[in-house]
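Let me begin by presenting the structure, written as structure tokens, before commenting on it.
Side chains included, hydrogens not; waters and symmetry mates left out as well; all remaining heavy atoms used. Proteins get letters first, then strands, A, B, ... in listed order; numbering begins at 1 in each.
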Number of protein chains: 2
Amino acid sequence: MNEHVVDDFITALQGATTVEGARDLFTKTLQQLEVGHYAYLGLRFRGSGPRGRPFFITTYPQPWVEHYDGNNYLQIDPVMLEAPSRSTPMHWGTREHRKTVTPRQKKFLNEAAEMGLCQGSAIPIHAAGGEFGLVSVAIDATPRQFTALMRAHQHQLHLLSLYYHAHVAENFISNESPKVSVTSRERECLLWSALGKSSWDISEILNISEATVNFHMQNAMRKLEVYSRPHAIVKAVMMGIINP
Amino acid sequence: MNEHVVDDFITALQGATTVEGARDLFTKTLQQLEVGHYAYLGLRFRGSGPRGRPFFITTYPQPWVEHYDGNNYLQIDPVMLEAPSRSTPMHWGTREHRKTVTPRQKKFLNEAAEMGLCQGSAIPIHAAGGEFGLVSVAIDATPRQFTALMRAHQHQLHLLSLYYHAHVAENFISNESPKVSVTSRERECLLWSALGKSSWDISEILNISEATVNFHMQNAMRKLEVYSRPHAIVKAVMMGIINP
DNA sequence: CGGCAACCTATCAGTTCTGCTAGCACCCTA
DNA sequence: TAGGGTGCTAGCAGAACTGATAGGTTGCCG
């Protein structure tokens with residue numbers, strides 16, 4: 001029945017030139033898979049720099065969203081805490097999952113269940129450049145029905161989420177890095193510094209004077225528009241200039 | 001026919017307790033999808049530290065592997081150069097792909113084709129903790145056959161690759177981080193330092209003395225077993241202690 | 001060939017960080 | 001309630017880094 005859901009989605013996504021268009025397409029496609037509510041959270045987009053605004057879309061009930069925000073549940077929500085460190089989807093709210101959470105988190109899950117968010121699947125999305133997104137779908141059904149639904153659609157949900165995130169990141173997030181061009185010497189100095197070497201250490205490694213190392217670091221910092229080594233290195237890593 | 005290939009693979013993977021067992025399972029499963037040759041490259045595993053050994057498995061023809069290594073083709077191979085910055089699979093060696101490569105790369109692709117590696121699909125795998133893996137499958141067939149095969153199995157290849165990498169990373173790579181426990185103050189200092197703040201800046205932000213900031217940074221460095229701020233911050237980011 | 005630009009090399013004064021030491025507040029437990 | 005452990009606060013000497021300045025090398029182009 002849903003043989004070509006994913007392919008159709010990918011094709012249609014090419015024509016989605018606005019955030020709203022892509023969102024509606026994603027929502028509609030998930031409805032085809034009998035998903036009641038979902039939340040998409042796009043974090044750490046490439047080029048958006050540190051602490052860039054998250055990209056947030058949800059069809060969760062408004063009262064729940066407000067309750068969630070009001071109680072600072074981001075710090076408690078077991079999905080938000082566990083999913084980022086996973087590479088594959090996880091189920092939440094199930095009998096099995098509840099065994100692994102703290103009492104406070106259990107209370108949180110109970111509150112969610114009262115709003116119809118009984119259980120669901122959370123799909124972590126790790127993309128190029130350290131990007132991270134999260135799709136959490138909620139299924140208001142019996143455990144038995146949930147299991148059957150997941151068996152049928154888990155992989156499709158997974159793929160849809162991956163392609164949706166990739167499309168959002170590529171088209172709707174300003175990810176233009178002002179193409180910093182560091183020289184090879186500068187890159188070497190950044191890398192060794194990131195690995196814990198001091199200027200003197202690096203001067204020995206590269207067979208140049210310590211003062212020269214400092215000069216290269218300085219130029220690298222100027223190009224990266226920062227004023228300390230730690231910041232330069234973090235930025236260089238974020239921009240993919242060095243891979244420690 | 002191949003309805004449950006992915007689910008069967010995931011189930012069987014649970015029982016694969018050795019590298020060889022998982023490899024053979026992956027190979028066998030890909031053969032079911034009519035994939036002639038594949039290469040799996042696991043890079044940047046979490047916890048394996050900077051410059052960890054890559055994890056490499058391939059069924060490519062031995063002569064090609066040697067030719068590849070001998071000519072340092074890692075620096076030329078358009079797949080190796082492009083895939084890491086992509087979030088979704090790409091096709092290589094196709095008429096369309098050849099339009100986007102340099103003359104040297106075209107020569108490279110021609111040499112590959114002579115060995116039966118005419119075209120294929122490359123699946124980038126971004127996982128938790130900045131892990132990266134790459135699965136490249138080669139299909140020795142006409143462009144028409146290739147298109148049909150991809151239409152039928154692309155998504156399955158994608159999912160198989162994701163789960164295979166996750167399993168390898170979790171079970172066969174020593175990813176035990178000695179559970180460094182930094183305090184909240186230490187984490188705050190690390191984070192602000194990563195964002196370019198000096199000790200004095202941070203002391204103003206946190207309303208404590210500069211000496212105290214230095215003390216916290218020092219404890220963080222001791223716990224992380226490093227001897228400079230740049231290194232501490234890089235390690236903290238790698239270990240997921242801070243998210244700049 | 002001369003001029004130019006980009007990069008590497010080097011030096012120095014002033015600022016910041018590293019390593020060490022020590023007191024105080026809090027929580028837990030005996 | 002006393003003791004031990006943990007974490008936060010703070011000061012100081014010596015080492016490392018920041019920022020500005022300047023000469024030397026290489027390769028490109030008119």
Terminal contacting nucleotides, 5' and 3', DNA chain D versus chain A (heavy atom, 4.0 Å) = dC17(D) to dA22(D)
E131(A)-H165(A) side chain donor-acceptor pair, cut-off 3.5 Å = yes
Taking only residues at least two apart or on different chains, which pairs with a member in residues 88-99 of chain B satisfy salt bridge (charged side-chain N to carboxylate O under 4.0 Å, His left out)?
-> none
How would you label the contact of R222(A) with the nucleic acid (heavy atoms, under 4.0 Å): base, sugar-phosphate, or nothing?
-> nothing
Listed by chain and number, what are the side chain to side chain contact (heavy atoms under 4.5 Å, CB included) partners of S209(B), not counting sequence neighbours?
-> A211(B), T212(B)
Value in whole Å for how far the C1' atom of dC7(C) lies from CZ of R187(A) | 13 Å
Of S184(B) and A211(B), the one whose closest DNA chain D nucleotide lies more 5' = S184(B)
Salt bridge (charged side-chain N to carboxylate O under 4.0 Å, His left out) pairs touching residues 64-82 of chain B, sequence neighbours excluded, are E82(B)-R86(B)
In numerical order, the residues of residues 212-219 of chain A whose heavy atoms come under 4.0 Å of DNA chain C are T212(A), F215(A), H216(A)
By a strict heavy-atom criterion of less than 4.0 Å, which residues belonging to residues 199-210 of chain B are in contact with DNA chain D?
-> I208(B), S209(B)
Output every pair passing salt bridge (charged side-chain N to carboxylate O under 4.0 Å, His left out) with a member in residues 108-121 of chain A, not counting sequence neighbours, ordered by first then second residue.
-> K107(A)-E111(A)
Please identify each residue that fulfils side chain to side chain contact (heavy atoms under 4.5 Å, CB included) with S199(B), with sequence neighbours left out.
-> E210(B), V213(B), N214(B), R229(B)
With sequence neighbours excluded, residues passing side chain to side chain contact (heavy atoms under 4.5 Å, CB included) with A166(B) = S87(A), T88(A)
Check side chain to side chain contact (heavy atoms under 4.5 Å, CB included) between A194(B) and all other residues, then give those that pass, not counting sequence neighbours.
-> V234(A), I233(B), I242(B), P244(B)
Tell me the salt bridge (charged side-chain N to carboxylate O under 4.0 Å, His left out) pairs involving residues 181-207 of chain B, sequence neighbours left out?
-> R185(B)-E188(B), E186(B)-K223(B)
Among residues two or more places apart or on two chains, list those pairs meeting ring-ring contact (aromatic ring centres under 6.0 Å, His included) that have a residue in residues 78-103 of chain B.
-> H91(B)-F146(B)
